[in-house]
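Nothing fancy with the numbering, it's 1 onward along the sequence. Values below: every heavy atom of this structure, side chains too, minus hydrogens, waters and symmetry copies.
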Amino acid sequence: MKLLLAEDDAILADALGASLSKAGFEVEVAPNGAVAEFLLLRQHFDVGVLDLGLPMVDGLTVLKRVRAAKPALPMLVLTALDGLEHRVAGLNAGADDYLTKPFDFPELEARIRALLRRTRGAGASAQQFGRLAFDRDARRATIEGTLLDLSPREWMLLDLLLTQRDRVVTKDQIAESWAVERSAESGSGAGSIEVYIHRLRRKLEGSGLAIRTVRGLGYLLEEGES
């Protein structure tokens with residue numbers, strides 16, 4: 001699980017980062033709001049932990065911008081501000097949970113894991129990858145709110161690449177996935193697959209994802225400047 005921790009207190013950030021890593025998370029630390037926003041919008045994270053009192057760009061602003069671009073990304077807010085108005089502002093800005101300082105690490109870990117379970121259980125079909133929002137049940141894919149116009153085979157190809165993300169997808173796997181699909185689109189040979197890969201690459205431009213050809217093996221979906 002990849003986690004973004006936005007915290008400007010270096011001592012606290014180091015302690016939390018170490019504890020979260022021991023708990024099994026891959027942690028990226030952002031020391032200010034500008035870095036947090038940049039990373040959250042351009043990389044894939046399973047969850048974000050965001051301090052509201054960040055320098056450069058305040059946490060509330062970061063939260064609003066990230067929520068607009070990545071509506072499915074779980075976000076937990078950390079803050080020393082425990083007033084009702086601050087909690088309401090954080091939740092209205094898009095926070096999924098709110099934890100005030102000081103806190104005990106076991107509670108933070110439990111809340112993060114609860115967020116992840118809730119997100120997967122309630123909307124496992126709706127996922128966020130880079131700037132791409134992918135909803136399998138609704139058969140809808142968008143890049144920062146802009147709907148992608150995908151043919152049936154382009155959709156199935158994207159679905160397969162996302163399902164096997166970080167693993168190479170072979171041409172045989174693609175052909176097999178197409179074999180059960182009955183559309184007007186024709187051709188399932190190697191040449192046809194390469195054509196669809198090319199089309200999908202172009203449609204994924206601006207998503208933060210790229211399809212890499214692994215010579216002799218197949219294709220790999222990864223984060224990159226697509």
For this session: Could you state whether Val27 and Leu115 fall into the same hydrophobic cluster, counting links through intermediate Ile, Leu, Val, Met, Phe, Trp or Tyr residues with side-chain heavy atoms under 4.5 angstrom apart?
Result: yes
For this session: Find the distance between CG (Leu50) and OG1 (Thr79) and round it off to the nearest 0.5 Å.
Result: 9.5 Å
Exercise. Is there a chain of hydrophobic side chains (I, L, V, M, F, W, Y, each step under 4.5 Å between heavy atoms) that links Val49 to Phe103?
Worked result: yes
Exercise. Taking atom CZ of Arg67 and atom CG of Leu40, what is their separation to the nearest 0.5 Å?
Worked result: 10.0 Å
Problem set entry | Straight-line distance of Arg153 CZ to Ile174 CD1, nearest 0.5 Å | 11.5 Å
Exercise. Are Leu78 and Phe105 joined in one hydrophobic group, where the rule is that I, L, V, M, F, W and Y side chains link up if heavy atoms are under 4.5 Å apart?
Worked result: yes
For this session: Taking all heavy atoms of Asp96 and all of Leu73, pick out the closest pair and write down the distance.
Result: OD2-O, 3.6 Å
Exercise. Any idea which heavy atoms bring Leu204 and Leu148 closest together, and the distance?
Worked result: CD2-CD1, 4.3 Å
For this session: Go through the steps to decide whether Val47 and Met75 satisfy the test side-chain contact (heavy atoms from CB on, under 4.5 Å), and finish with yes or no.
Result: CA-CA 6 Å; Val47 63; Met75 295 291 293; over 6 Å; no
Problem set entry | Sidechain-backbone polar pair: Asp104 side chain, Pro106 backbone, donor-acceptor under 3.5 Å | no
For this session: Could you tell me whether the side chain of Ile112 reaches within less than 4.5 Å of the side chain of Phe25, counting heavy atoms only?
Result: yes
For this session: Evaluate the criterion side chain to side chain donor-acceptor pair (under 3.5 Å) for residue pair Arg201 and Thr213; output intermediate values, then yes/no.
Result: CA-CA 11 Å; Arg201 277 188 178 126; Thr213 299; 2.7 Å; yes
Exercise. If you look at every heavy atom in Ala6 and Ala36, which pair is closest and at what distance?
Worked result: CB-CB, 3.7 Å
Problem set entry | Under the ring-ring contact (aromatic ring centres under 6.0 Å, His included) test, residues paired with Phe129 that sit two or more places apart | His44
Exercise. Phe38 and Val57: side-chain contact (heavy atoms from CB on, under 4.5 Å), yes or no, with the steps?
Worked result: CA-CA 11 Å; Phe38 179 88; Val57 181; over 6 Å; no
Exercise. Hey, mind stepping through Arg140 and Asp135 against salt bridge (Lys or Arg N to Asp or Glu O under 4.0 Å) and telling me if it holds?
Worked result: CA-CA 5 Å; Arg140 176 184 174 88; Asp135 191 327; over 6 Å; no
For this session: For Asp51 and Leu5, run side-chain contact (heavy atoms from CB on, under 4.5 Å): C-alpha distance rounded to whole Å, both residues' side-chain angles, the deciding distance at 0.1 Å, then the answer.
Result: CA-CA 8 Å; Asp51 179 29; Leu5 172 63; over 6 Å; no
For this session: Step by step, work out the side-chain contact (heavy atoms from CB on, under 4.5 Å) result for Leu150 and Leu200.
Result: CA-CA 8 Å; Leu150 299 174; Leu200 188 56; 4.0 Å; yes
Exercise. Roughly how far, to the nearest 0.5 Å, is the CG atom of Leu221 from the OG atom of Ser207?
Worked result: 7.5 Å
Exercise. Donor-acceptor pair, Arg212 side chain versus Glu222 backbone, under 3.5 Å?
Worked result: no
For this session: Flag the pair Asp58 / Val62 as yes when at least one side-chain heavy-atom distance between them is below 4.5 Å, and no otherwise.
Result: no
For this session: Quick one: sort the Tyr196 and Trp178 rings into parallel, tilted or perpendicular, breaks at 30° and 60°.
Result: perpendicular
Exercise. Quick one: do Leu220 and Leu132 end up in the same hydrophobic cluster if we chain Ile, Leu, Val, Met, Phe, Trp and Tyr together by side-chain heavy atoms under 4.5 Å apart?
Worked result: no
For this session: Verify the neighbour count for atom CG of Leu147: are there more than 12 heavy atoms of other residues, nucleotides or ligands below 6.0 Å?
Result: yes
For this session: Would you give the length of the straight line joining atom CG of Leu76 to atom CG of Leu63, rounded to the nearest 0.5 angstrom?
Result: 10.5 Å
Exercise. Nearest heavy-atom pair of Glu109 and Ala23: which atoms, and what distance?
Worked result: OE2-CB, 3.7 Å
Exercise. Does the Thr142 side chain pair with the main chain of Glu144, one donor and one acceptor, at a distance under 3.5 Å?
Worked result: no
For this session: Of all the heavy-atom pairs spanning Ile143 and Lys203, show the shortest one and how long it is.
Result: CD1-O, 3.6 Å
Exercise. Is the NZ atom of Lys2 crowded by more than 12 outside heavy atoms at less than 6.0 Å?
Worked result: yes
Seminar exercise, completed: dist Glu37:CD -> Asn32:CG (nearest 0.5 Å) comes out at 10.5 Å
Exercise. For the side-chain contact (heavy atoms from CB on, under 4.5 Å) test, which of Val29, Leu116, Asp46, Leu20 pairs with Leu3?
Worked result: Leu20
For this session: Please lay out, stage by stage, how Lys171 and Glu194 fare under the test salt bridge (Lys or Arg N to Asp or Glu O under 4.0 Å).
Result: CA-CA 9 Å; Lys171 290 182 178 180; Glu194 290 169 359; 2.8 Å; yes
Problem set entry | Single-linkage hydrophobic cluster Val168~Leu160, side-chain heavy atoms < 4.5 angstrom | no
Seminar exercise, completed: Residues Leu52 and Val77: closest non-hydrogen pair is CG-CG1, 3.5 Å
